[in-house]
Student: 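I'd like to ask some things about the structure below.
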Amino acid sequence: MKPAQLAQDLTQGAAPGTALARGAELVQSVDWLAVAPPTLTALVALVVLVADLFVPEARKRFLGWTAIGGLAAALALLAPLRAADRSTFCLTAATELRACSYTADTFTLVIQFLVLAGALVTALLSLDATGGTRRGLPAGEYWFLLLSSAAGAALLPASRDLATLVVALEVASLPAFALVGLKRGDRMSGEAALKFFLSSVTATAVTLLGVSFVYAATGTLHLTEVAQRLGDVPGQLETLARAGVVLTLVGFAFKTAAVPFHFWVPDTYVGAPLPVAAYLSVVGKAVGFTGIILVTVVAFPSYADVWGPALAVLAALTMTAGNVAALRQSATRARSAVRLLAWSSVAQAGYLLVPVAAAAYSSDDQIGSTVAYALMYAAVNLGAFAVVALVGRDRPEHRIADHRGLYATSPAAALAMAFFLLNLAGLPPGIIGLFAKVTVFSTAVDAGLGWLAVVMGVNVVIGLAYYLRWTALLFRGPEAASGPEGVSGPEGVPARVRPRPAVPVTLAVALTAAAGAVLSGWPQFALRYASQSLF
């Protein structure tokens, strides 16, 4: 059909089916409200980068508040999208199959809320580190990279074709490499950035190879069309299609830090600035899990016999390796608090994989359990990093032992940290942590994965050991000082020190504690997603 004829049909009010019957393809207009949250985040990133050229060194803190305002505005733009599902960048053809590259549905909005809220808390933790001092992080570059990564992470859950999915994944990942290595003159930071870069580039190459195989076997990139055509792949392309499915999953497994693709996590978290480690533990992990959910449940349902068992095994290995490594951390070792949280995030990734694996054996509704668990994990894990940052203002080694006796000097911070750790452990009063773990456990049982439920139960018990050990340390008596306040006590454990007040960090602790308390008092806010279809 000629373009002139198509235009004439549309301008004369002809029914869409008239054009479609002639085999036409139509690229619809952009729904700017649907794409507003990631678009605004990207625009604010550019504004901050340009403003950095003109803002004097003494006022660099203004850039941070601009970034925080932009993230808050992006969060506010999610509210009008709750009314109905919206799609844009769609193709319509004679097959009457409406394939879209961007969809703002329930799944998209929940993940975008998680990503943008996580980036907002990270920005609060970063204000002191980018305040314009010579020893701090370069403000303009830092805020531009953080907002750019958040924009890519917010785009990814809305992506409904493999090309957009890969582009969003890289937009979220590439700035993160630079964020990890942004410490000036820090050898560990540079080493961490290099490890992160090499592992992520490898993961991207594997993902692209898998996507190319899937495209070769199906002839399309849209997830809904891939799902339809994978079921009818010719016999000679069957092996190619299976290889594409496996390679695509392996690439996303790197991003989620699933064992055995987790080797970059501990050193990257330890070498990165603390706010960046917090960001990677929540937003970076959300990016990987979102990609896995989209390619498995939406694009590859006909190959559930391939990815279902694989993800179940990865879940078991990941939670076991993460918990055992976290259990072995020494409280007096430098950066042990960050390293324990890094291994804890690996273990939590194993729990998050369980409902995705269960979806291969039962129904797509199981995915809601991963989303509910991710909301709980994001709030309390960012809160734990916030308390570590607060204590680290006076004890920069970030040891677990630095938190000993914290209740005596800062009761509110100690109670908040205990609440966060108990949620991660799944114990009261962390009600949402307990319910989230029970929900994930139920998905394994309902799917007939009894062996995976047993492995999860054993790992929850292992996790109790190190979470409770850290919690108990908060309420023990502080070591007697061997010198003036702030000088180390016996065995290198710092003496009793009251953390210096920091308004942005304190605000981050308060926000995450409030989020955890609301979720514990009203768990239906998160758990309702565990019992409904998100697609």
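Since the structure is predicted, the reported quantities are computational estimates derived from the model, not experimental observations.
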Student: Determine yes or no for a side-chain-to-main-chain donor-acceptor pair under 3.5 angstrom, with Ser345 supplying the side chain and Ala342 the backbone.
Tutor: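 Yes.
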Student: Any idea which heavy atoms bring Pro38 and Ala154 closest together, and the distance?
Tutor: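 It is CB-CB, 4.1 Å.
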Student: Quick one: does any side-chain atom of Ser442 pair with a main-chain N or O of Val438 as donor and acceptor, under 3.5 Å?
Tutor: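 Yes, Ser442 side chain to Val438 backbone: donor-acceptor pair under 3.5 Å.
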Student: Please examine the side chains of Val354 and Met319, heavy atoms only from C-beta on, and report whether any two atoms are closer than 4.5 Å.
Tutor: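 In short, these two side chains touch, coming nearer than 4.5 Å.
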Student: If I take atom CG from residue Leu120 and atom CG from residue Leu125, how far apart are they, to the nearest 0.5 angstrom?
Tutor: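 Nearest 0.5 Å value for the CG-CG distance: 10.0 Å.
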Student: Sequence neighbours excluded, which residues qualify as salt bridge (charged side-chain N to carboxylate O under 4.0 Å, His left out) partners of Arg82?
Tutor: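 Testing Arg82 for salt bridge (charged side-chain N to carboxylate O under 4.0 Å, His left out), a comparison that skips the adjacent residues, returns none.
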Student: Hey, could you give me the CG/CZ distance between Leu179 and Phe144, rounded to the nearest 0.5 Å?
Tutor: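 Between atom CG of Leu179 and atom CZ of Phe144 there are 10.5 Å.
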Student: Just so I know, are the side chains of Leu294 and Val297 near enough to count as touching, which here means a heavy-atom distance under 4.5 Å?
Tutor: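 Not in contact.
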Student: Are the side chain of Ser344 and the backbone of Leu340 linked by a donor-acceptor contact shorter than 3.5 Å?
Tutor: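 Pair absent, no side-chain N/O of Ser344 close to backbone of Leu340.
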Student: Which atom names give the shortest non-hydrogen contact between Ser189 and Leu182, and what distance separates them?
Tutor: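 Ser189 and Leu182 have their closest heavy atoms at OG-N, 3.8 Å.
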Student: Heavy-atom count check: over 12 atoms from other residues, nucleotides or ligands less than 6.0 Å from Trp522 CH2?
Tutor: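 12 or below, so no.
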Student: Is the side chain of Ser410 donor-acceptor paired with the backbone N or O of Leu406 at a distance under 3.5 Å, no angle test?
Tutor: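 Checking the backbone N and O of Leu406 against the side chain of Ser410, no donor-acceptor pair under 3.5 Å is found.
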Student: Can you measure from CZ (Phe177) to CZ (Phe196) and round to the nearest 0.5 angstrom?
Tutor: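 Reported value, rounded in 0.5 Å steps: 5.5 Å.
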Student: Show the nearest heavy-atom pair for residues Arg61 and Pro504, with the distance to one decimal.
Tutor: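 So the two residues come closest at NH2-CG, 3.4 Å.
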Student: Taking C-beta and beyond as the side chain, do Asp52 and Glu141 meet within less than 4.5 Å on heavy atoms?
Tutor: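 When only atoms from C-beta onward are counted, Glu141 and Asp52 do touch, with a gap below 4.5 Å.
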Student: Going by side chain to side chain donor-acceptor pair (under 3.5 Å), name the pairs with one or both residues in residues 110-120, residues two or more places apart or in two chains.
Tutor: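 As it turns out, the side chain to side chain donor-acceptor pair (under 3.5 Å) pairs with a partner in residues 110-120, which skip direct neighbours, are Tyr102-Gln112.
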Student: Looking only at non-hydrogen atoms, find the nearest pair between Ile292 and Leu311 and report the distance.
Tutor: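 What the structure gives for the nearest pair is CG2-CD1, 4.3 Å.
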Student: Between Ser200 (side chain) and Phe197 (backbone), is there a donor-acceptor pair under 3.5 Å?
Tutor: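 Here the side-chain-to-backbone pair does not exist.
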Student: Could you tell me whether the side chain of Ser149 and the main chain of Leu174 form a donor-acceptor pair under 3.5 Å?
Tutor: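 Flag not set: sc Ser149 to bb Leu174 has no pair under 3.5 Å.
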Student: Does the side chain of Asp105 come under 3.5 Å of the side chain of Thr108 through a donor N or O and an acceptor N or O?
Tutor: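 On atom types as modelled, these side chains qualify, holding a pair under 3.5 Å.
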Student: Any luck finding a side-chain donor-acceptor pair between Ser126 and Tyr279 under 3.5 Å?
Tutor: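 Tyr279 and Ser126 do not have a side-chain donor-acceptor pair below 3.5 Å.
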Student: Is there a donor-acceptor contact under 3.5 Å from the side chain of Lys255 to the main chain of Ala286?
Tutor: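 Looks like no, no N/O pair under 3.5 Å.
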Student: Do Phe107 and Thr290 have side-chain heavy atoms sitting under 4.5 Å apart?
Tutor: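 In short, these two side chains touch, coming nearer than 4.5 Å.
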Student: Rounded to the nearest 0.5 Å, what separates atom OG1 in Thr471 from atom CG in Leu422?
Tutor: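 One finds 4.5 Å between OG1 of Thr471 and CG of Leu422.
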Student: Return the set of residues passing ring pair (Phe, Tyr, Trp, His ring centres under 6.0 Å) with Phe254 (not counting sequence neighbours), or none when no residue passes.
Tutor: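 Listed in chain order: Phe261.
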Student: What residues, two or more places apart in sequence or in another chain, satisfy ring pair (Phe, Tyr, Trp, His ring centres under 6.0 Å) together with Phe475?
Tutor: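 Listed in chain order: Tyr407.
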Student: Show, in sequence, the C-alpha distance, side-chain angles and deciding distance for Leu114 and Val282, and conclude whether the side-chain contact (heavy atoms from CB on, under 4.5 Å) test is met.
Tutor: CA-CA 9 Å; Leu114 189 157; Val282 171; 4.0 Å; yes
Student: Provide the closest heavy-atom pair for Trp65 versus Leu127 in the form atom of the first, atom of the second, distance.
Tutor: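 Heavy-atom minimum between the residues: CZ2-CD1, 3.6 Å.
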Student: For the CD1 atom of Ile400 and the OH atom of Tyr466, what is their distance to the nearest 0.5 Å?
Tutor: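 These two atoms lie 10.5 Å from each other.
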Student: Can Val356 and Ile367 be said to form a side-chain contact (heavy atoms from CB on, under 4.5 Å), step by step?
Tutor: CA-CA 6 Å; Val356 187; Ile367 297 302; 4.3 Å; yes
Student: For the side chain of Lys60 and the backbone of Val55, is there at least one donor-acceptor N/O pair under 3.5 Å apart?
Tutor: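 Here the side-chain-to-backbone pair exists.
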Student: Using side-chain heavy atoms (C-beta onward) and a distance below 4.5 Å, is Leu75 in contact with Phe113?
Tutor: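 They are in contact (side-chain heavy atoms under 4.5 Å apart), so the answer is yes.
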Student: Identify every side-chain donor-acceptor pair in residues 373-385 under 3.5 Å, counting partners at least two apart or on other chains, and give the distances.
Tutor:
| from | atom 1 | to | atom 2 | distance (Å) |
| --- | --- | --- | --- | --- |
| Tyr373 | OH | Gln348 | OE1 | 2.4 |
| Tyr373 | OH | Lys437 | NZ | 2.9 |
| Tyr377 | OH | Ser281 | O | 3.0 |
| Tyr377 | OH | Asn381 | ND2 | 3.4 |
| Asn381 | ND2 | Ser281 | OG | 2.9 |

Student: Does the side chain of Ser520 come within less than 4.5 Å of Asn423's, by heavy atoms?
Tutor: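 In short, these two side chains touch, coming nearer than 4.5 Å.
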Student: Please evaluate residues Met417 and Val509 with respect to the criterion side-chain contact (heavy atoms from CB on, under 4.5 Å), reporting the C-alpha separation (whole Å), side-chain torsions for both, the decisive distance (0.1 Å), and the verdict.
Tutor: CA-CA 9 Å; Met417 187 62 166; Val509 174; over 6 Å; no
Student: Show your reasoning for whether side-chain contact (heavy atoms from CB on, under 4.5 Å) applies to Leu155 and Val171.
Tutor: CA-CA 9 Å; Leu155 171 62; Val171 172; 5.8 Å; no
Student: Under 4.5 Å between any side-chain heavy atoms of Leu427 and Leu468, yes or no?
Tutor: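 Yes - at least one pair of side-chain heavy atoms lies under 4.5 Å apart.
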Student: Starting at CZ of Phe62, measure out to CH2 of Trp143 and round the result to the nearest 0.5 Å.
Tutor: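 If I round to the nearest 0.5 Å, the distance is 13.0 Å.
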Student: If we ignore hydrogens and angles and just use 3.5 Å, is the side chain of Thr256 paired with the main-chain N or O of Ala253 as donor and acceptor?
Tutor: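 Between the backbone of Ala253 and the side chain of Thr256 there is a qualifying donor-acceptor contact (under 3.5 Å).
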Student: Report yes if the side chains of Leu280 and Val265 come closer than 4.5 Å at any heavy-atom pair, otherwise no.
Tutor: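 No, their side chains stay 4.5 Å or more apart.
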Student: Looking at every heavy atom in both Ala257 and Thr318, which two are closest together, and how far apart are they?
Tutor: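 Taking Ala257 first and Thr318 second, the nearest heavy atoms are O-CG2, 4.1 Å.
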Student: Please list all pairs meeting salt bridge (charged side-chain N to carboxylate O under 4.0 Å, His left out) that have one or both residues in residues 267-283, counting only residues at least two apart or in different chains.
Tutor: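 Of all non-adjacent pairs touching residues 267-283, those that pass salt bridge (charged side-chain N to carboxylate O under 4.0 Å, His left out) are Lys195-Asp267, Asp267-Arg339.
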Student: Can you check whether Arg399's main-chain N or O pairs, donor with acceptor, with Ser336's side chain at less than 3.5 Å?
Tutor: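 No; judged by distance alone, with no hydrogens or angles, the pair does not exist.
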